[in-house]
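Below is one structure; the comments refer to it alone.
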Amino acid sequence: MQLITQVTGTGIPLLLDDIDTDRIIPARFLRCVTFDGLGEHSFEDDRQQDRSHPFDDSRFKGAAVLVAGRNFGCGSSREHAPQALMRWGIKTIIGESFAEIFFGNCTTLGVPCVCASRGDLEKLTAAINADPKISISVDLNSLQAKAGSLTVPISIPDGARLALTTGKWDFLGQLLEGADAVQAAAKTLPYMTGFKA
Amino acid sequence: MTDRRNLFNKVWDLHSVRSIASGQTQLFIGLHLIHEVTSPQAFSILRDRNLTVMFPERTLATVDHIVPTDNQLRPFADGLAEEMMSAIEKNCRDFGVRLFDLKDIRQGVVHIVGPEQGLTQPGMTIACGDSHTSTHGAFGSIAFGIGTSQVADVLATQTLALSRPKVRRIEVTGKLRPGVFAKDVILHIIRKLGVQGGVGYAYEYAGEVFDRMTIEERMTVCNMSIEGGARCGYVNPDQTTVDYIKGRPFAPQGADFDRAAAWWLSLASPADAEFDDRVTFNGSEIEPTVTWGINPAQSVGVSERLPKLSTLTADDQKGTGDAFAYMGLNEDQPIQGVKIDVAFIGSCTNGRISDLREAAAIAKGRKVAAGVKALVVPGSQLVRQQAMDEGLDKIFEAAGFEWREAGCSMCLAMNPDKLKGREVCASSSNRNFKGRQGSPTGRTLLMSPAMVAAAAINGCVSDVRSML
Ligand code: SF4
């Protein structure tokens, strides 16, 4: 599996709090049996109501680094949300904080979600607005994000960082390696053996 | 040394298979529930990698999200819904997974079906591709929502790669006052701790108020743990739990049941259990609670007014102002009297028999206000049957409510039950996010089923305590 240590690209600012997964991908687009084609519907309803939404702003076309606010990705567990963002082109998200299920889904897809302070997120937003073509890099080893002359510290829980930087974010592969241990563990659980004496 | 581990940590330790290279725990999952929305891509992953389901008897499938609650004839009018339905039928057939489909009386919303069938038991780890899996914590299990890639992980390996969360004990002391329900308790907790207060935590709900609650009430509380940011919430198993499970189809029988019950009770957190954090609320201070905004922490007691912007921090002013603008509400206005267009009683939060009874008690002998569309959607076919045996359908219909088939219905926008335009809905569901109920500009006020019934009858948010 690919080692993900550094992600680089242009940015798109969306410094809002409590953005839930219903907003990232409205439920009607979940009527599907594959994730194909979800990208273009990212934030569909927000964009309908706000024609100046960053996801419709040509200056941010092709962006890979999403700058988000607090509790990003809360609500529904739908993996369709990170799938939609990923298919739109997002490769990493810098936010103040993330909802847990969303964070886990992103990690499994190889999309690092890293945290930065509100002040630094505002600086990043200003840098992107001043020059939408500015290259932003998110480095999981140095734990820094850089945009031009701006360098800000970032954080990410160790488990996710290690999984991404060592190419172990395909959890299914690792879990399958433990199949024998799983069979053994199952036999120790009372409900797996019908509570027999 | 005595064992001071709380229930969460005991159950976690029992299910730990090993540590994996990236540092997470490989955790065994005792019960896996799947539904039509988040499973098709997971089965595709299995097919792509040539994998089988490791313990097919530990997974149960049902259909709920896309199911129409009026005309259920196949093929569905919505071709996309029909395609999803066919997909889950084929996937369950191909991989040997049991499916409760529409023809099966046991079909219903996934979080209602598991407990109803006795599949949900204390001491289990339970996962489902749905964030309200926390519901099952009411039995003293560790239950949480997962994404679709993780659904594939559970199907193929019966395990997940997870990091252990911290545990916060939330104690609610005292006694709830009349007209205050489990829904009000959890809305109050979320209001006080915030929508991200629980991130990184599992919640243990404890104290007199939870001790006295029925299992169904505990399910309502645990259901909305995720709205408070906690992926999972639980109540320690007690005699109420044991009594609820006894005799259900998938429960152990006879002497096995007695051994099971003893094991379940032994898992409860001891009196001197250790926690990472503790919070206490006084139950007698909780009022019937109503949300006014676009996240579930934006709520007030029914006798209160909406917040004044000048009393909030600069950060909160922005979010609150945006929420007022979206909702068409003003600062400092009373919540009582806010007009509604639609009333929805149902969902995995409040679609069980006790919820329908509470709502019916308010609806009985009264009429839904002119111009209000009111729906009652039982959470499962068995709940629907039970309600009809008790004559609740007649009470609702006489009052002017529509009586529907089981499903998720207007809790989310994936089936024909949707808000139109800027309609305002008094809803017993769990999310008031922008657009959640199917219209991108639709508005949701969350409250207890009894409060929804009161709002339906008066045409506006009302204090159910004056109608008891
Ligand atoms: S009732 Fe609502 S919250 Fe519950 S499973 Fe269905 S859509 Fe999700």
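Lettering of chains follows the sequences in order, A, B, ..., and the numbering in each one begins at 1.
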Counting only non-hydrogen atoms closer than 4.5 Å, does L109(A) touch chain B with its backbone (N, CA, C, O), its side chain (CB onward), both, or neither? side chain
Can you tell which part of D18(A) gets under 4.5 Å to a heavy atom of chain B, answering side chain, backbone, both or neither? side chain
What are the residues of residues 146-160 of chain A, in order of number, with any heavy atom under 4.5 angstrom from a heavy atom of chain B? G159(A), A160(A)
Pick whichever of T108(A), I101(A), L16(A) has the most heavy-atom pairs under 4.5 Å with chain B. I101(A)
For each of H65(B), K418(B), M124(B), tally heavy-atom pairs with chain A at distances under 4.5 Å, and name the one with the top tally. M124(B)
How would you list all residue pairs meeting salt bridge (charged side-chain N to carboxylate O under 4.0 Å, His left out) that involve residues 178-197 of chain A, not counting sequence neighbours? K196(A)-D256(B)
Could you tell me which of A179(A), A185(A), C74(A), G75(A) has the largest number of non-hydrogen atom pairs under 4.5 Å with chain B? G75(A)
V110(B) vs I34(B), side-chain contact (heavy atoms from CB on, under 4.5 Å): CA-CA, chis, key distance, verdict: CA-CA 8 Å; V110(B) 60; I34(B) 62 173; over 6 Å; no
Max heavy-atom pairs within cutoff under 4.5 Å with chain B, candidates T165(A), L189(A), D46(A), goes to L189(A)
If the contact rule is any heavy atom under 4.5 Å from chain B, which residues of residues 27-34 of chain A qualify, in numerical order? A27(A), R28(A), L30(A), R31(A), C32(A), V33(A), T34(A)
In this structure, CZ of R436(B) is separated from CD1 of I294(B) (nearest 0.5 Å) by 14.5 Å
Return the option, out of N105(A), V182(A), D45(A), T166(A), with the maximum number of heavy-atom pairs under 4.5 Å with chain B. V182(A)
Engaged part of T21(A) at the chain B interface, taking heavy atoms whose separation is under 4.5 Å: neither
Can the ring centres of F28(B) and W12(B) be said to be less than 6.0 Å apart? no
Output yes when D22(A) and R78(A) qualify as a salt bridge under the 4.0 Å nitrogen-oxygen rule, no when they do not. yes
Is it the side chain or the backbone of A81(A) that comes within 4.5 Å of chain B heavy atoms, both, or neither? neither
Tell me if the centroids of the rings in F55(A) and F60(A) come within less than 6.0 Å of each other. no
Does anything in residues 170-178 of chain A reach chain B? List residues with heavy atoms under 4.5 Å apart, or say none. D170(A), F171(A), L172(A), G173(A), Q174(A), L175(A), L176(A), E177(A), G178(A)
Chain B contacts, top residue of D17(A), L162(A), D20(A) (heavy-atom pairs, under 4.5 Å): D20(A)
Which heavy-atom pair separates S16(B) from L27(B) by the least distance, and what is that distance? N-CD1, 3.9 Å
At a heavy-atom separation under 4.5 Å, does F103(A) approach chain B through its side chain, its backbone, both, or neither? neither
